[in-house]
Amino acid sequence: MASKQSDLVQRNRAQSKRAQEVIARCQQLALFSEDELTTRRTFLSPPMQQCHRQLTRWMEPLGVQVRLDAVGNVRGFYPGTYSPRLIVGSHLDTIPDAGAYDGVLGVLLALTLLEALEGRKLPFGIEIVGFSEEEGVRFQTPFIGSRALVGRLDNELLNREDKNGITLCQAIQQFGLDPNQIPCAALSNDTLGYIEFHIEQGPILEELGYALGIVEAIVGQSRLEFTFTGRANHGGTTPMHLRHDAMAAAAQWITEVERAAIAVPGAVGTVGTLEAKPGVSNVIAGEVHLTLDVRHRSDEIRSQIVAQLIRKAEEISEHRRLRVRHSVLLSQQAVPMNGFLIDEIQLAIEKTGCVPHRMLSGAGHDAMILAEKVPAAMVFLRTPGGVSHHPAESVTEGDVEKAIECGLHLLDQLAASPVFLKRMVRA
Ligand code: GLV
Ligand code: MN
Ligand code: MN
């Protein structure tokens with residue numbers, strides 16, 4: 001009895017040390033940044049290379065075979081006693097002025113689960129994937145890393161340019177990778193599923209007082225860019241009635257975006273970037289370029305909102321005698337997570353003593369892309385203050401401990417599940 005209790009104390013100590021280490025490692029990777037004082041690590045930027053090196057240093061001593069695929073995803077394989085694999089991962093890229101946990105936390109939790117196995121082999125292998133691009137910052141297009149795994153990285157996407165005119169294909173070459181090898185990044189045929197741990201990035205779990213959540217579905221998202229073109233002219237001499245002011249048109253349209261999203265329960269609409277040309281205080285803007293992000297759990301409603309906002313942009317432009325053009329950068333449908341994995345995660349969370357709260361994800365995740373090809377599911381960790389996409393983003397050590405415990409239960413459950421293992425072949 002006494003020895004059982006001391007085993008438990010020791011296990012708890014080890015788990016708490018592991019949680020502290022996950023947090024310290026997230027903070028360490030946050031220092032690999034394109035900016036001096038804040039974290040920004042976009043697709044195939046130089047600090048991404050530092051991040052890859054550090055991850056490799058952590059993975060290799062665990063017997064993990066590490067490689068970089070042709071779009072810069074880190075792929076670490078820990079073999080099992082049979083050949084199929086379970087993928088556990090998340091993304092390594094960040095937005096500008098980012099927190100330390102969005103994405104990276106899921107990769108480091110995967111690594112910690114392997115450490116906690118202490119060399120024990122499971123019947124399936126585990127592939128840790130650190131996706132190269134999920135946020136869509138550099139090419140205004142998210143999920144580049146995970147799209148390569150499901151074979152959805154087409155020529156149109158490879159020819160998209162970043163703000164310096166570098167195409168996605170050139171960015172891959174400049175990083176020392178070979179775009180011709182992209183097909184080899186595809187999921188291996190023996191992939192059993194995909195699990196992603198991620199911070200919730202919202203206030204729901206905290207409000208309910210729960211440490212962990214289970215994602216039932218990820219809402220769909222549309223991303224578009226718009227350009228209003230008017231006529232640049234002198235801001236001091238041009239009377240108001242003779243202007244073709246692209247900035248005023250854009251401003252009017254932005255309030256329409258807000259109005260349209262407020263009018264539909266569950267919808268969100270964001271104009272997150274705006275660039276005016278020539279961008280001078282005493283010159284009427286001749287051109288304004290901006291982006292739109294619209295999300296809703298129903299794909300039909302999301303499409304209706306987008307169509308309504310395109311019409312509005314045209315009406316405003318016509319009324320003000322301007323031109324507007326738009327292009328669709330992303331139309332990603334809502335994706336349900338896998339029912340079997342959801343139930344297994346529920347059980348694993350219950351075993352940790354936490355309440356398994358089922359919820360939607362308003363943020364996009366690589367899991368929604370992987371779900372096209374393999375059973376996919378996500379575990380959310382409570383986000384203090386609901387603050388994310390911000391340097392103040394955080395997690396608590398206690399919640400990370402619970403996530404590790406949940407992950408270990410989940411691996412053991414899957415290793416013992418005839419339903420999960422039914423596709424297995426001996427290695
Ligand atoms: C990813 O963070 C998103 O924009 O949902
Ligand atoms: Mn993320
Ligand atoms: Mn994010």
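For the single chain, residues carry numbers from 1 onward in sequence order. Order of listing sets the numbers, starting from 1, for every ligand and every atom in it. A quick note: this is a predicted structure, and the numbers were derived from the prediction, not measured.
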Going by the order shown, which atoms of ligand 1 are within less than 4.0 Å of some heavy atom of [X]?
{"X": "G364", "value": "1 (C), 3 (C), 5 (O)"}
{"X": "A363", "value": "5 (O)"}
{"X": "R223", "value": "3 (C), 4 (O)"}

Answer with side chain, backbone, both or neither: which part of H198 has a heavy atom less than 4.0 angstrom from an atom of ligand 1?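 Neither part.
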
May I ask you to check whether H91 brings an N, O or S atom to under 2.8 Å from the Mn ion (ligand 3)?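 Within the cut-off used here (under 2.8 Å), H91 places no N, O or S atom near the Mn ion (ligand 3).
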
Considering heavy atoms of the protein only, find what lies nearest to atom 2 (O) of ligand 1 and give residue, atom and distance to 0.1 Å.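 Answer for atom 2 (O) of ligand 1: E135 OE1, 3.0 Å.
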
What residue and atom, counting heavy atoms only, is the protein's closest point to atom 4 (O) of ligand 1, and at what distance?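 Checked against all protein heavy atoms, atom 4 (O) of ligand 1 sits closest to R295 NH2, 2.8 Å.
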
Can you name the closest pair of heavy atoms from [X] and [Y] and give their distance?
{"X": "F197", "Y": "G407", "result": "CZ-CA, 3.7 Å"}
{"X": "L205", "Y": "A211", "result": "CD1-O, 4.2 Å"}
{"X": "D366", "Y": "Y194", "result": "CB-OH, 4.0 Å"}

Applying a strict 4.0 Å limit to heavy atoms, is H91 in contact with ligand 1?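 The answer is no: ligand 1 sits nowhere under 4.0 Å from a heavy atom of H91.
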
State the atom name: nearest N, O or S atom of E135 to the Mn ion (ligand 3).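 Checking each N, O and S atom of E135, the shortest distance to the Mn ion (ligand 3) belongs to OE2.
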
Does the Lys NZ or Arg CZ of R382 fall within the cation-pi geometry relative to Y210 - under 6.0 Å from the ring centre and within 45° of the axis?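 No, a cation-pi geometry is absent between R382 and Y210.
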
Distance-only N or O hit between ligand 1 and [X], under 3.5 Å:
{"X": "D293", "answer": "no"}
{"X": "H389", "answer": "yes"}
{"X": "D102", "answer": "no"}

Check whether any side-chain heavy atom of L274 lies under 4.5 Å from a side-chain heavy atom of I254, and answer yes or no.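 Yes, at least one pair of side-chain atoms sits under 4.5 Å.
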
Of E397, E401, E405, E118, which meets salt bridge (charged side-chain N to carboxylate O under 4.0 Å, His left out) against R18?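 Exactly one option meets the salt bridge (charged side-chain N to carboxylate O under 4.0 Å, His left out) with R18, and it is E118.
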
For T273 and T291, which I'm curious about, is there any donor-acceptor pair between the side chains at under 3.5 Å?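 There is such a pair between these side chains.
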
Parallel, tilted or perpendicular: which one describes the rings of H52 and F175, with boundaries at 30° and 60°?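 Rings of H52 and F175: perpendicular, over 60°.
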
With the Mn ion (ligand 2) at the centre, find the angle made by OD1 from D102 and NE2 from H198, to 10°.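 It is 90°, given to the nearest 10°.
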
Under 6.0 Å between ring centres, would you say that holds for F420 and F124?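 That pair passes the under 6.0 Å test.
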
